[in-house]
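Presented below is the structure to which this report refers.
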Amino acid sequence: MSKDGSKPSHIRNDAGIPEAFLKPYNPAEEELKTRALWDESGYANPDKMIADGLTAPDAEPYSIVLPPPNVTGTLHMGHAAMLAIEDILIRYARMNGKKTLWIPGTDSAAIATQAKVETDIYKKEKQTRYDLGREELMKRIDEFTEESKATIINQVRTMGASLDWSRYAYTLDETRYKAVMEAFVRMYDAGLIYRGNRIVNWDPKLQTTVSDDEIEYLEQKDPFYYFKYGPFVIGTVRPETKFGDKYVVMHPNDERYAGYKHGQTIDLEWINGPITATVIKDEAANMDVGSGVMTITPAHSGVDFEIAQRHGLDIEQVIDERGILLPIAGEFAGQHIKKARSLIVEKLTAKGLVEKIDENYVHNVATNSRGGGLIEPQIKKQWFVAVNKEFTISHSEMSGIPTGTMTTLKKLMRHVVETQQVKIAPERFEKIYYHWIDNLRDWNISRQIWFGHRIPVWYRSDEVYCGTEAPGGDGWEQDPDVLDTWFSSGIWTISTLGWPEETADLKTFHPTAVLETGYDILFFWVARMVLMSGFLVGQVPFKQVYLHGLVRDGQGRKMSKSLGNIIDPLDMISKYGADATRLSLIIGAAPGMDIKLSEDRVRGYKHFANKLWNITRFVLESTHDIDVDAKLSETDAKLVTEAHELVKNASKNIDAFRLDLAADEIYHFVWDRFAAEIIEESKPILKEPGEARASRQRMLHKILIISLKALHPFMPYVTEAVWQKLPQKDAELLMVAKWPK
RNA sequence: GCGCUUUUAGCUCAGUUGGUUAGAGCGUUCGAUUCACAUUCGAAAGGUCUCAGGUUCGAAUCCUGAAAGGCGCACCA
C-alpha cells in the first residue's frame, strides 16, 4: 500500500492481462491447477497421445521405468532428484515427438517393510511375528502398505512427474507376482537356480539371511585377545566362536613354522579341556599378521569356510540362529554370545592361556543395512543363482551372444557393457561395474521372512517340485522362504511391461531407453536387471544407464535424522514450489557427483520462477495489440535466431545427459539476456508506434514462447501455468507442444 | 591393500576438444529504483586455479609425482 492508502501503482490492469499476473507467482495455487490439467489430458499415456494425433504412430519409442520407491517410505531428496531428472528426460522426449512412456511403481522392499511392521507391532502390542502367525502378519503388512502406498504416490505427484499412472505397478501385485514366479521357474529349469548348503550372512535379529551387497561395515572398538594355543599364539576379537577350533592354519612358506607338517596333530589344552589340533598349511594365512598362525571357525566365517572346504575339514556349528552357544561350548552352552564372551576370557585367564589383551582394537563389523542387527555368518540351506555356471541361451537379441550360445550370467553381464549395448554415464562407473562382477559370488536369493514373493518350490518327502502353481496331490509343502527383494526388482523393466505375456508394450518399449538411478544401487539393481533381462528375454533391459549423485546437505554431509540436517522436499515444495525444488537439484549437479543442497539455493530458484512470471506479464502488457503478421526487422530476427541457437546448444547438453549445463544455460539466457537486456532495450522502442514497434512485439512474443518451451522440462509447473494464460499459442498444453528447433 | 573421485573468489560450484584481462550464484560494500518484478537493476571489492615438476608459442585444462578430503571394494585370525 502507498502512503495515501490507495493501491500501489503496480497493481493495476490497464492492459487487460490475466488477473493472476498482478500478484507474484503463487506456486501452491498454480501447481494444483496445472497438475489437474495434466491429469485430465491423459497425455502421460503414449496411447492417448497417438489417439489424439499428437504423436505419430510410428514414432521412435522412448521409455523409462521409475525406480520404484518403497511402499512404506516417504519422499526424500534422493527421490526428488530422481523424479526431476527423469521427468526432464521424459518431457523433453515427448516434446520431441517420441512415443514416450514413464512407468510408475512401488516396491514392497521385503525385509525393510517387514522389519518396520514387526517393530511397530512389538512396540504397541509386545507381540512377535511368531505370536501372530504367518497369515496375521501378512494381513497387518498388507494394511500397512496399502495405507502408506497412497502417501508415497501423492508425494511423487507433487513433484510434477508426468508418469503414466494407468500403468502403475507394484512388485507384489498379481501381474508382477506371476512374472516373478515365472522367472524363478525358468531359471530353475535352466539349472541357474539351485539349493545348497553354503555360508551366508545371517541376521540374528531379523532371523533371515542378507545378501552380500546389503551388508554395511561399521567401525567398532573391541578388545583383541591373544591366546596360547599349544605352542602357538592366536589372536581374536571373538573368543566365543573358538570352541570348535581344532585346526591351526599357517602359510606354507612361513619359515617360522617350517617344522610343522601339514596334517600333523598336536595335543593341547583349550577352553574346556584337552583337544587334538591338526596343522593345515594354506596360503590364506597371512604371515604378516600377528604370529602368522590362526585357528579357524568354518561354520561362522566365510574365509574359514573356504579353507575348510579346500582341505575337506570338519565344519561344526557353534552358535545357533539366535546367537546362543550350542552344546559344543560345554559349560557355556545355552548362553548368549554377548554374555559369554567375558566369561570365556575369564576362564582362559584362569587357565593361564591369555598372552595379552589389546583393549583398543578398531575393526569393522558387518551389519544389516536394512534395519537389522549384527551379521553372524552361518551355514544354511539356501537358494542361489549360479553366476558362473554355463548354460545355453534359448533366445537372444543381444549382439555377440546369439541364440543357442553357451555362456554364463557373469559373462553376459560383462559382455553387454563391454560392447556398449548398455552404456553407463558417467563412464567411470563402468570400471566399478566390472570390478563388482569379477568379485561376484553366487547370489543368495532366499530370505527367511514372510513378506515377499514365496519361493515356488514344493517338497514331499524326497520329491521336489518347482512350478508357478502348486503341484497336484496331497502332502506337498511349500518352501517357507521368500525371495530377495532384488530378485523381483531385477525383472522390473519387463514385468512392468507385462512379461511373461507377449504384450504390445513389451514389444514397443523394451529395451527401455534409460535407467536413471543413484550410483549407490548400481550393483543391487542395475547389474541384476542386466542379468535377469538378458536371460529371460534375451535383451538388455536398457540402452543407457544414467547415475546421479547422492543429495547431501550444504556442508556435504549425508542427510540423516541424527544430524538433524534433513531437508524435506515436501517442505521445500510448499515453501518455494516444485519448480524451484527441481532446479535446485539439477543446476550444479554434474552426473554421478553428489549434490550439495541448501535451502538458499531453493529460494534462489523461486525468484527465477517469479522472474519468468513477470517477464510474461511485461510481454503480455506490451503485446496486447500484437500484429502476428508483422515483419521482423533484421535485428529482431537475429535475436530470435540467438534464442534458437541457445536451445540447440541446450538440446545437445540434454542429449549428453548434462542436464545441469542445459538448465544453467537456459536460466541465464532468460534472466540475463532476455529480461535484463532484450526487454530493457525494448522499452523505448515499444513507446513509439510503427514498424519497429510491431517487429519488437513479435520478437518478444517469439522469444517468450521459445523460453517457455525450453524451460518446460525443467520447471513444468510455472511454464505450463503461464502458457495457459497466453492468448496466442501453438498447442493447448505446453506439455505436448513441439520442442523449438 | 586395490580402485574411483574431489581440490578454482568468504561459501556452493561452472569452466565440454589447451587459446585474449579465469566466470556465475549466494554473501559483503556502494549506488539507483512510484512506471514487468513481495523486488529488480548497476557497480565494486575478492583468486600465486592445492603443491612440485614436465609437454607446449601458450596449461585451471594434457602428462608425472606429492598432499589433503570423500567414496567403493577387499582384508579384518
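Since we're looking at a predicted model, the values are computed, not measured.
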Q) For atom C1', what is the distance between U40(B) and G58(B), given to the nearest Å? A) 42 Å
Q) Between Arg603(A) and A38(B), does any side-chain N or O lie under 4.0 Å from OP1 or OP2? A) no
Q: Output the single nucleotide from A14(B), A36(B), A38(B) whose closest atom is nearest the side chain of Ala590(A).
A: A14(B)
Q: Establish, with yes or no, whether the OP1 or OP2 oxygen of A38(B) is under 4.0 angstrom from a side-chain nitrogen or oxygen of Trp613(A).
A: no
Q) Between C76(B), C41(B), U16(B), which nucleotide gets closest to the side-chain atoms of Lys611(A)? A) C41(B)
Q) Given atom CG of Asn614(A) and atom C1' of C41(B), what is their separation to the nearest angstrom? A) 14 Å
Q: Both distances under 3.5 Å, Watson-Crick or G-U wobble: report the partner of A68(B), or none.
A: U6(B)
Q: When you get a sec, tell me which of G15(B), U16(B), A36(B) is the closest nucleotide to the side chain of Glu621(A)?
A: A36(B)
Q.
Between A68(B) and C76(B), how far apart are the two P atoms, rounded to whole Å?
A. 27 Å
Q: Report the residue (Lys687(A) or Asn364(A)) whose heavy-atom-nearest nucleotide on RNA chain B is the more 5′ of the two.
A: Lys687(A)
Q: Whole angstrom is fine here: how far is it from CZ in Phe618(A) over to P in U40(B)?
A: 17 Å
Q: Give Arg658(A) one of three labels, base, sugar-phosphate or nothing, depending on what nucleic acid heavy atoms sit under 4.0 Å from its own.
A: sugar-phosphate
(Q) Under 4.0 Å, counting only non-hydrogen atoms across every strand here, what does Phe224(A) touch: a base, just sugar-phosphate, or nothing? (A) sugar-phosphate
(Q) Check this for me, if you would: do Glu306(A) and Arg441(A) make a salt bridge, where the nitrogen-to-carboxylate-oxygen distance has to be below 4.0 angstrom? (A) yes
Which atom pairs link the protein and nucleotides 24-26 of chain B when you take only N or O atoms and keep those under 3.5 Å?
unit_1, atom_1, unit_2, atom_2, d
A24(B), O2', His668(A), NE2, 3.0

Q: Report the nucleotide, chosen from C76(B), U40(B), A36(B), that has the shortest atom-to-atom distance to any side-chain atom of Trp671(A).
A: U40(B)
Q) Can you tell me how far C1' in C11(B) sits from the matching atom in U28(B), rounded to whole Å? A) 12 Å
Q) Between U6(B) and A45(B), how far is it from one P atom to the other, in whole Å? A) 32 Å
Q.
Taking C71(B) as the reference, what is the distance to U64(B) when you measure between their P atoms (whole Å, please)?
A. 26 Å
Q. Would a line drawn from the ring center of Phe227(A) to the ring center of Tyr225(A) be shorter than 6.0 Å?
A. yes
Q) In whole angstroms, how far is the C1' atom of G72(B) from the CG atom of Leu547(A)? A) 13 Å
Q: With the side chain of Ala675(A) defined as its heavy atoms from C-beta on, choose the nearest nucleotide among C75(B), A36(B), G15(B).
A: A36(B)
Q) With both distances kept under 3.5 Å, what pairs with C73(B), Watson-Crick or G-U wobble? A) G1(B)
**Q.** d(OH, Tyr434(A); C1', A74(B)) in whole Å
**A.** 21 Å
(Q) Strictly by Watson-Crick or wobble contacts shorter than 3.5 Å, is anything paired with C30(B), and which nucleotide is it? (A) G42(B)
Q. Which heavy atom of Asp304(A) sits nearest a heavy atom of Thr295(A), and at what distance?
A. OD2-O, 4.3 Å
Q: Quickly work out the Asp304(A) CG to C75(B) C1' distance and round it to whole Å.
A: 13 Å
**Q.** Rounded distance [0.5 Å steps], CH2 in Trp443(A) versus CG in Leu531(A)
**A.** 6.5 Å
Q. Rounding to the closest angstrom, what is the interatomic distance between A59(B) and G3(B) at atom P?
A. 31 Å
(Q) By the 4.0 Å heavy-atom rule, please label Thr295(A) as base, sugar-phosphate, or nothing. (A) nothing
Q | Flag side-chain contact, heavy atom, 4.5 Å: Leu89(A) against Tyr546(A) | A | no
Q: Please determine, for U12(B), whether a Watson-Crick or G-U wobble partner exists with both distances under 3.5 Å, and give it or none.
A: A24(B)
Q: Report which part of the nucleic acid Val249(A) touches: base, sugar-phosphate, or nothing (heavy-atom distance under 4.0 Å, all strands).
A: nothing
Q. For the side chain of Lys683(A) and the base of A36(B), is some donor closer than 3.5 Å to an acceptor across the two?
A. yes
(Q) Looking at Asp245(A) and Lys242(A), is any side-chain nitrogen of the basic one under 4.0 Å from a carboxylate oxygen of the acidic one? (A) yes
Q: Between A36(B), U16(B), C76(B), spot the one nearest the side chain of Arg617(A), thanks.
A: A36(B)
Q. Is the ring centre of Phe224(A) less than 6.0 Å from the ring centre of Tyr226(A)?
A. yes
Q) Quantified in whole Å, what is the P atom distance between nucleotide G42(B) and nucleotide C26(B)? A) 12 Å
**Q.** Phosphate OP1/OP2 of G3(B) contacted by Lys431(A) side-chain N/O (<4.0 Å)
**A.** no
Q: Nearest whole angstrom, please: distance from the C1' of A14(B) to the CE of Met593(A).
A: 13 Å
Q) Is the phosphate of U16(B), meaning OP1 or OP2, less than 4.0 Å from a side-chain N or O of Asn653(A)? A) no
Q | Closest listed nucleotide, where the reference is the side chain of His435(A) and the choices are A36(B), C73(B), A38(B) | A | C73(B)
Q: Indicate yes or no: does Arg341(A) engage Glu240(A) in a salt bridge with an N to O separation below 4.0 Å.
A: yes
Q: Taking the six-membered ring for Trp and the single ring otherwise, decide whether the centroids of Tyr576(A) and Tyr605(A) are under 6.0 Å apart.
A: no
Q) Which whole-number value in Å describes the distance from Ile678(A) CD1 to C41(B) C1'? A) 16 Å
Q: Report the distance from atom CG of Asp594(A) to atom P of C4(B), rounded to the nearest whole Å.
A: 18 Å
Q.
Taking 4.0 Å as the cut-off, does a side-chain nitrogen or oxygen of Lys23(A) come that near to OP1 or OP2 on A36(B)?
A. no
Q) How would you label the contact of Ile296(A) with the nucleic acid (heavy atoms, under 4.0 Å): base, sugar-phosphate, or nothing? A) nothing
**Q.** base_contact_polar (A36(B) base, Glu680(A) side chain, donor-acceptor, <3.5 Å)
**A.** yes
Q. With a 6.0 Å cut-off on ring centres, are Phe232(A) and Tyr260(A) close enough?
A. yes
(Q) Distance check, C1' atoms only: U5(B) and U17(B), in whole angstrom units. (A) 22 Å
Q. Considering Watson-Crick and G-U wobble pairs with both distances under 3.5 Å, what does U56(B) pair with?
A. none
Q | Residue mapping more 5' on RNA chain B - nearest nucleotide basis, Arg428(A) or Ile615(A) | A | Arg428(A)
(Q) Pairing check on U48(B): which nucleotide meets the Watson-Crick or G-U wobble criteria with it, both distances under 3.5 Å? (A) none
Q. Got a second to check how far Leu708(A)'s CG is from Leu612(A)'s CG, nearest 0.5 Å?
A. 5.5 Å
